[in-house]
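Below is one structure, written out as structure tokens; comments come after it.
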Amino acid sequence: MRTKRILAGVLGLSILLCCACGTGRKETADQLEGNLSDLIAGIYEKADLSEDFRSGLDNFETYELTDEIEVSILGTDEISYTEGAASIPMVSPNAFQFVLLRVEEQDVDTVKQQLKDHADLNKWICVSAETMLIESRGNVIFFAMGDNDTVYALNSAFQKY
């Protein structure tokens, strides 16, 4: 009887330790560290993009978001973020933008909803984005508008980064 209690105690302690260790690793793995402009460059590099899109990357500019441009990129100036970077083609016949935002952990869902509420797939002259995708990993939000294949390829690379 005493052996069963000891065995049950050891088993319970083992399960508790495994759960605690697993949770700690997940939180660390979900956080993306580093400069967001560098992360965008790395995501482009790792994404399974079409040759046409990849060949046009020389015409893209990646820059930090500022108060002057955030409405044109995010659709509003009411979004609270600690860091933001956007990648946009300077000359392109296609509607496209790719944004990463770093926000406070507790604000992730709120910011994602604000982006959904204010994003405009038709903001470009004469063209519209086919799709919009807003995802997150830890406290970094992925926000892209463009054609389906490109947006989903970038998100796949973001999730694996």
When rounded to the nearest 0.5 angstrom, what distance separates [atom1] in [X] from [atom2] in [Y]?
X	Y	atom1	atom2	value
Thr62	Asn35	OG1	CG	10.5 Å
Ser128	Asn122	OG	CG	3.5 Å
Glu61	Ser37	CD	OG	10.0 Å
Gln114	Ser80	CD	OG	8.0 Å
Leu100	Asp38	CG	CG	11.0 Å

Inset, instruction - Using the six-membered ring wherever Trp is involved, compare the ring planes of Phe53 and Phe60 and label them parallel, tilted or perpendicular (cut-offs 30° and 60°). - result: perpendicular

[X] side chain near [Y] side chain, heavy-atom distance below 4.5 Å:
X	Y	value
Leu115	Leu74	yes
Val99	Ile73	yes
Leu154	Leu49	yes
Leu133	Tyr152	yes

For the residue pair [Y] / [X], report whether a side-chain donor-acceptor contact shorter than 3.5 Å exists.
X	Y	answer
Tyr81	Glu104	no
Asn155	Glu135	no
Asp107	Thr110	no
Gln113	Asp109	no

If you look at every heavy atom in [X] and [Y], which pair is closest and at what distance?
X	Y	answer
Ala95	Ala129	CB-N, 3.5 Å
Met145	Val151	C-CG2, 3.8 Å
Asn148	Glu130	N-OE1, 2.9 Å
Leu32	Phe158	CD1-CE1, 3.3 Å
Ile141	Val108	CD1-O, 3.8 Å
Leu101	Gly84	CD2-CA, 3.8 Å

Inset, instruction - Mind running side-chain contact (heavy atoms from CB on, under 4.5 Å) on Phe143 and Met132 for me, showing each step along the way? - result: CA-CA 7 Å; Phe143 171 41; Met132 169 183 56; 3.8 Å; yes

Backbone of [Y] reached by a side-chain donor or acceptor of [X] within 3.5 Å:
X	Y	result
Glu83	Leu36	yes
Thr82	Arg102	yes
Asn59	Met90	no

Legend entry - Selection residues 41-57 - residue pairs positive for side chain to side chain donor-acceptor pair (under 3.5 Å), sequence neighbours left out: Tyr44-Ser87

Legend entry - Qualifying ring pair (Phe, Tyr, Trp, His ring centres under 6.0 Å) pairs, either residue in residues 103-126, two or more places apart: none

Legend entry - From CA spacing to verdict: side-chain contact (heavy atoms from CB on, under 4.5 Å), Ile88, Phe96: CA-CA 7 Å; Ile88 298 171; Phe96 178 80; over 6 Å; no

Legend entry - Hydrophobic cluster identity match, Val111 and Val71, side-chain contacts under 4.5 Å: no

Legend entry - Cluster overlap Leu39 with Leu57, hydrophobic side-chain contacts below 4.5 Å: yes

Inset, instruction - Could you check Ile79 against Thr76 for side-chain contact (heavy atoms from CB on, under 4.5 Å), going step by step and ending with a plain yes or no? - result: CA-CA 7 Å; Ile79 293 176; Thr76 181; 3.6 Å; yes

Legend entry - Test log, rule side-chain contact (heavy atoms from CB on, under 4.5 Å), inputs Phe98 and Ile40: CA-CA 8 Å; Phe98 173 27; Ile40 287 175; 3.8 Å; yes

